[in-house]
Amino acid sequence: MIRVQTEDFDVAQELARVRRGDRGIGGIALFVGVVRAGAGDETIRAMTLEHYPAMTERELAKIEAEAKARWPLEAVTIVHRYGRLEPGDQIVLVIAASSHRQAAFEACEFLVDWLKTKAPFWKLEDTSSGSRWVEARAADDDAAERWQKESGS
Amino acid sequence: MIRVQTEDFDVAQELARVRRGDRGIGGIALFVGVVRAGAGDETIRAMTLEHYPAMTERELAKIEAEAKARWPLEAVTIVHRYGRLEPGDQIVLVIAASSHRQAAFEACEFLVDWLKTKAPFWKLEDTSSGSRWVEARAADDDAAERWQKESGS
Amino acid sequence: MRILYFASIRQKIGLAAEEVSPPPEVTTVGALLEWLKGRDARHAEALGDPRVVKVAVNQDFADPEMKVAEGDEVAFFPPVTGG
Amino acid sequence: MRILYFASIRQKIGLAAEEVSPPPEVTTVGALLEWLKGRDARHAEALGDPRVVKVAVNQDFADPEMKVAEGDEVAFFPPVTGG
């Protein structure tokens, strides 16, 4: 289940949806990304997420399909917000449910890594020292890259 | 925060407790373990978790302290139930919150792996073919073992 | 051909989208990028650093060698920072 | 000395706890285990397979070489299966 929205999401509700009716689930891994209040000495006042709607839907569907192909998953949920967010606000929710905890953990981490490097979202931070676009981190590319290697071997 | 209880837990409430007031959190990894309805051909009617109360508290505190020593965590929550549970019921909740998602994921997975091999809980399954104690899995030992290696190197 | 710009590239060019009709010799993503850079100083600056310009053709990530044609939707944007 | 049994070991012995006073030469976990196995057939069977008998002394995991003494709480149980 994939959703891209400006509204906040309710983790409990999404978790209930995943669990509902599926009695084969043994482990559920979740990730919630939230807006931090600061980085280093700066205070972050707000963050605006821009995205490329037509492409976002396609990329998220591809990422979900890839996770389901790699791990025996009973359910996957990705909810990603866009628009203006404030410190402490939720940005993204990823849920992976499986009969085995290892699959749930790996798939959840894979989904977050791929979201960070393949989903067309961009973050504009409004900080105490001005507004600026968040730069892509090499560490995120490395994190996503390890899944490529594992699939290629 | 560690709790061992017979009552169910509310993931949303535990998540809210973790997030409350801490503006340095950027990523929160959660794991929810639930009772499966079956394994192979068998149907599981119920599961009874027994534990060693005095030791459980100590071991969970040690596991939590170990995670906090290894990763920069803003908050850790472990809630483990005991007593009689039915398919679909929640057994365990682990939450690890950090400014960095990688630390949150690793700590959460570490906590679950260590719970499985170091916390004195035992599961008695009431299945369609009788009642039997769940046997420890070599895979769980292997999963816990990898954290030992990483710390020893 | 519909061109879209996102994030810092959109800000630098001052446009979110434009309709363009490049000459017939512009048949690849790379050639289109060069042609767009020749439009004015703002395009040249915004699209100048190949390390930070990513491209999607019809909503799929694309390489410089990929073909583009009339009717395509081509998007230029910096590396993504979602999640 | 207080002895506790859990899970399948508790079921096989038919006791959750017992107070025992082993002879003075029983000074280690291993010696205590052997002494308990000599009590009766149920103890012998429940504690017979060293691969599935884990021990904790005063709520800490313990090796066979570890010392035990009057006043200790010693627990015997199968490998844990929580989480």
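If you're wondering where the values come from, they're calculated on a predicted model, not measured in any experiment. Here is how names work: the chains are called A, B, and so on, in the same order as the sequence lines, proteins then strands, and each is numbered from 1.
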K.L.:
Between A/Glu57 (side chain) and A/Leu60 (backbone), is there a donor-acceptor pair under 3.5 Å?
P.N.:
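No, because the side chain of A/Glu57 does not come within donor-acceptor range (under 3.5 Å) of the backbone of A/Leu60.
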
K.L.:
Please answer whether the main-chain N or O of C/Leu15 pairs with a side-chain N or O of C/Arg10 as donor and acceptor at a distance below 3.5 Å.
P.N.:
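No.
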
K.L.:
Sort out for me which of A/Arg137, A/His80, A/Lys116 touches chain C most, counting heavy-atom pairs under 4.5 Å.
P.N.:
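Counting heavy-atom pairs under 4.5 Å, the top option is A/Lys116.
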
K.L.:
Heavy-atom distance under 4.5 Å to chain C: side chain of A/Ala119, backbone, both or neither?
P.N.:
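For A/Ala119, the backbone is the part near chain C, not the side chain.
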
K.L.:
Measuring only between side-chain heavy atoms, which start at C-beta, is A/Leu124 closer than 4.5 Å to A/Glu50?
P.N.:
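No, every pair of side-chain atoms sits at 4.5 Å or beyond.
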
K.L.:
So, A/Thr77 side chain and A/Ile95 main chain: donor-acceptor pair closer than 3.5 Å or not?
P.N.:
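No; zero donor-acceptor contacts below 3.5 Å.
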
K.L.:
For A/Glu135, is it the side chain, the backbone, both, or neither that has a heavy atom closer than 4.5 Å to a heavy atom of chain C?
P.N.:
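Contact with chain C involves the backbone of A/Glu135 alone.
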
K.L.:
Quick one: does C/Thr81's side chain get under 4.5 Å of A/Asp140's, heavy atoms only?
P.N.:
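Answer no - side chains too far apart.
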
K.L.:
Hydrogens and angles aside, do C/Gln11 and A/Trp133 bring a side-chain donor and acceptor to less than 3.5 Å of each other?
P.N.:
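Short answer, yes.
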
K.L.:
Hey, which residues of residues 27-36 of chain C are touching chain A, say heavy atoms under 4.5 Å apart?
P.N.:
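Within residues 27-36 of chain C, near chain A: nothing under 4.5 Å.
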
K.L.:
Mind checking whether A/Asp89 and A/Arg81 have side chains closer than 4.5 Å, heavy atoms only?
P.N.:
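A side-chain contact exists here, since the closest heavy-atom pair is under 4.5 Å.
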
K.L.:
Would you call A/Lys118-A/Glu66 a salt bridge at under 4.0 Å N-O?
P.N.:
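A salt bridge is absent here (no side-chain N lies under 4.0 Å from a carboxylate O).
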
K.L.:
Within a strict 4.5 Å, meaning less than it, do heavy atoms of the A/Gln90 and A/Val79 side chains meet?
P.N.:
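Contact flag for A/Gln90/A/Val79 side chains = no.
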
K.L.:
Is it true that A/Glu59 and A/Lys62 make a salt bridge, defined as a side-chain N closer than 4.0 Å to a carboxylate O?
P.N.:
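Yes, A/Glu59 and A/Lys62 are salt-bridged.
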
K.L.:
Taking A/Gln5 for its side chain and A/Glu7 for its backbone only, find out whether a donor-acceptor pair lies under 3.5 Å.
P.N.:
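It does hold such a pair.
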
K.L.:
Using a 4.5 Å heavy-atom cutoff, which residues in residues 57-75 of chain C come close to chain A?
P.N.:
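Listed by number, the contacting residues are C/Asn58, C/Gln59, C/Asp60, C/Phe61, C/Glu73, C/Ala75.
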
